[in-house]
Colleague: 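I am attaching a structure below and will ask some questions about it afterwards.
Everything numeric in this text was worked out from a predicted model, so none of it was measured.
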2 protein chains.
Amino acid sequence: MISNDICADCAVRDRALCGSLDDRELLALNTIGQRRHVTRGQTIAWAGDEAVICGNLLSGVLKLVAATADGREQTVGLLYPADFFGQPYAGDVDFTLTALTEAELCVFPRAAFERVLEDHQRMERLLLQRTFESLNEARGRMLVLARKSAGEKLAGFLLDMTARAGASGCQASRDGPVTFDLPLTRGQIADVLGMTIETVSRQLTRMKQSGVIGLPGGRAITISDREALMARAEAA
Amino acid sequence: MISNDICADCAVRDRALCGSLDDRELLALNTIGQRRHVTRGQTIAWAGDEAVICGNLLSGVLKLVAATADGREQTVGLLYPADFFGQPYAGDVDFTLTALTEAELCVFPRAAFERVLEDHQRMERLLLQRTFESLNEARGRMLVLARKSAGEKLAGFLLDMTARAGASGCQASRDGPVTFDLPLTRGQIADVLGMTIETVSRQLTRMKQSGVIGLPGGRAITISDREALMARAEAA
DNA sequence: CGGGTGGTTGACAGACATCAACGGTCGTGG
DNA sequence: CCACGACCGTTGATGTCTGTCAACCACCCG
C-alpha cells in the first residue's frame with residue numbers, strides 16, 4: 001500500500017507535528033495526506049485565496065510574503081523542513097506562500113486536518129506551542145526590522161543561516177571557518193531583512209573586506225570570524 | 001463567596017477566552033484566578049524571567065516590548081481588554097509586558113491554567129485561533145515596519161486607533177469628523193511604529209496642516225477626513 | 001514656584017534607497 | 001559549438017527620508 005509508506009519513509013517523521021502520533025494514528029493522516037513537489041519560485045497559496053490546505057514541509061525552503069497595495073514586498077517568515085504551514089480554522093490565506101528552492105510537501109485538506117486535530121489533543125497542543133514559537137520569532141523580527149542597522153541585520157541573518165546550515169556545512173575545526181551555500185539570493189535576503197539588494201551586497205563586501213566572512217563565489221559564504229559576526233549583530 | 005463573583009461581574013466575560021466555558025466550568029477558573037490592578041508604567045512580566053503567569057486583560061492597554069542589548073526598544077504588540085497574555089507551555093518570558101494605562105487583569109498561575117486547558121479542548125482551540133491571529137497581526141506589522149514610510153505608518157496607526165475607539169469616541173455623523181483620545185503618548189506611538197518622537201510629532205502636524213486630522217490639544221485627535229487617511233496609509 | 005513630563009519645531013547629518021552601468025554565469029536555441 | 005538573453009551580483013553617483021541634537025513651550029503636581 002503506497003499510502004502507508006508515506007509516513008514510514010518520511011524525512012521529517014520525528015521532528016514534524018506528526019511525531020506526536022503513534023503508528024496507528026498515522027494511518028488516519030496517511031489517508032488524507034498527499035506528497036507534492038514544487039519547483040523554485042512556485043507559489044503554493046496566494047494571499048486572499050480561501051485557505052484550503054495545510055501541511056508539513058519535507059525538504060527545501062519556503063517563504064511567506066506580505067505585500068503593500070503598490071507592490072512593495074516583505075518576507076515575513078521562512079519555513080524549513082519539518083515546519084508546519086497553513087492555518088487551521090482560518091478563512092482566507094493571509095500571506096502568499098512560495099517556494100524559494102525545490103521543495104517537497106506533505107499536504108492535507110484543511111478541513112480534514114482540523115478533524116484530525118480535534119481527535120488528537122496532543123497534536124493540537126504541539127501546534128499551539130509551535131504557533132507561539134512562530135509568534136515569538138515574528139515579534140523578535142519586528143525588533144530587527146524596525147530598530148537594527150543594515151549591518152546588524154545582515155550579521156544576525158548570517159548567524160541564523162550558519163546555525164541552520166549546521167552539519168551540512170563543512171568546517172575545518174570547531175570555531176574555525178565554516179563554509180556553506182546560502183539558500184537565498186541577494187534579493188531574497190533583502191526581502192527578508194527589509195532592505196534593498198544593493199545594501200545587502202554592499203554590506204557583504206564590507207564584511208568580506210573586514211575579514212569577517214569570505215565570499216568564495218556563487219552562493220557560497222565562509223564564516224571566518226564568528227565572534228566578530230556576533231559582535232556586529234548587536235552593535236549599534 | 002468572593003471568588004464566585006469574579007467571573008460573574010467580569011467586564012469581558014463574553015469576549016475573552018473564558019467565554020467558551022459554561023457556568024460550572026468557570027468555577028474551576030475562579031478558584032485559580034485572581035484580580036490584579038496595575039498602574040500606568042508598571043511592568044507585569046520581564047523578558048527573561050520564568051513564565052509564571054498568564055491571564056486576561058480586563059481594562060486598560062498593555063504593551064509587549066522587545067529590546068536590543070544596547071537599549072533600543074520596539075513595541076511588538078498592544079493588548080486591549082479581553083486579550084489574553086502570557087504563554088502556556090513556555091519556559092521563559094520572551095517580551096516585557098508593561099501597562100500603558102491603568103489596567104485591570106485576571107491572572108492565573110501558568111501551570112494551573114495549563115491544566116485547565118488540558119481539560120477544556122474548546123478553550124485550547126480558541127487560544128490556538130487567537131494565537132494564529134496574533135501571529136498574522138505581527139507579520140502584517142512586519143511589513144509596515146520594514147516597508148512603509150513614516151506617513152503611511154502613522155496614517156495606518158490612526159485608522160487602527162479610530163476603529164479601536166469605536167463607540168467610545170464622539171462623532172457628529174457617520175463619516176463625519178470623529179474625536180477621541182489617543183491612549184498613547186507620542187513616545188509610545190513612536191515605539192510601536194518604529195520611529196522617533198520627533199518624526200511622529202512632525203507627521204502629525206503635517207496631517208493637521210493638510211486638514212486630514214485635527215489636534216484639539218492634550219491627547220485628543222479628530223479624524224476629519226478618513227478617506228484621505230486611508231489613502232495616506234497605502235500611498236507610496 | 002520649580003522640576004518633571006510631554007510635545008513641537010529647527011538645524012544638521014548620515015544611513016540607506018534610488019538610479020544607473022557593468023560583469024559573470026547559466027541555459028536555451030540557432 | 002557558439003551566441004544571445006535572463007538572472008544575479010557588484011559598484012558608483014546621487015538624493016532624501018528620518019534620526020540626532022538642541023532649544024523651547026505648555027501643563028501638571030508637589
Colleague: For nucleotides 8-16 of chain C, read 5' to 3', which letter fits each nucleotide if B means a protein heavy atom sits under 4.0 Å from the base, S means only the sugar-phosphate is that close, and - means neither?
Modeller: BBBB----S
Colleague: Distance check, rounded to the nearest 0.5 Å: B:Glu198 atom CD versus B:Gln203 atom CD?
Modeller: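 It comes to 12.5 Å.
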Colleague: Could you give the distance from CZ (B:Arg164) to CZ (B:Phe157), rounded to the nearest 0.5 Å?
Modeller: 10.5 Å
Colleague: Quickly work out the A:Gln188 CD to D:dC7 P distance and round it to whole Å.
Modeller: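 After rounding, the reported distance stands at 13 Å.
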Colleague: Nearest-Å distance, NZ (B:Lys153) to P (D:dT18)?
Modeller: 8 Å
Colleague: Calculate the interatomic distance between A:Met207 atom CE and D:dT11 atom P; express it in whole Å.
Modeller: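 Answer to the nearest Å: 14 Å.
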Colleague: Taking CZ from B:Arg40 and C1' from C:dG4, how many angstroms apart are they, rounded to a whole number?
Modeller: 13 Å
Colleague: How many whole angstroms separate atom CG of A:Leu145 from atom C1' of D:dT18?
Modeller: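 It is 17 Å, rounded to the nearest whole Å.
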Colleague: Rounded to whole Å, how long is the line connecting atom CG of A:Asp181 with atom P of C:dT25?
Modeller: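 From A:Asp181 CG to C:dT25 P: 15 Å.
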Colleague: Can you confirm whether the side chains of B:Thr196 and B:Thr199 place a donor and an acceptor under 3.5 Å from each other?
Modeller: yes
Colleague: Centre of A:Phe84's six-membered ring, under 6.0 Å away, within 45 degrees of the axis: is that where NZ or CZ of A:Arg130 sits?
Modeller: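 Judged by the rule, A:Arg130 and A:Phe84 form no cation-pi pair.
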Colleague: Provide, to the nearest angstrom, the distance between the CG atom belonging to B:Leu184 and the P atom belonging to C:dT5.
Modeller: 18 Å
Colleague: Looking at A:Arg35 and A:Asp9, does any basic side-chain N land under 4.0 Å from a carboxylate oxygen?
Modeller: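 Yes, charged N to carboxylate O under 4.0 Å.
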Colleague: Rounded to whole Å, how long is the line connecting atom CZ of B:Arg219 with atom C1' of D:dA26?
Modeller: 13 Å
Colleague: Kindly compute the distance separating CE (B:Met161) from CG (B:Asp181), expressed to the nearest 0.5 Å.
Modeller: 10.5 Å
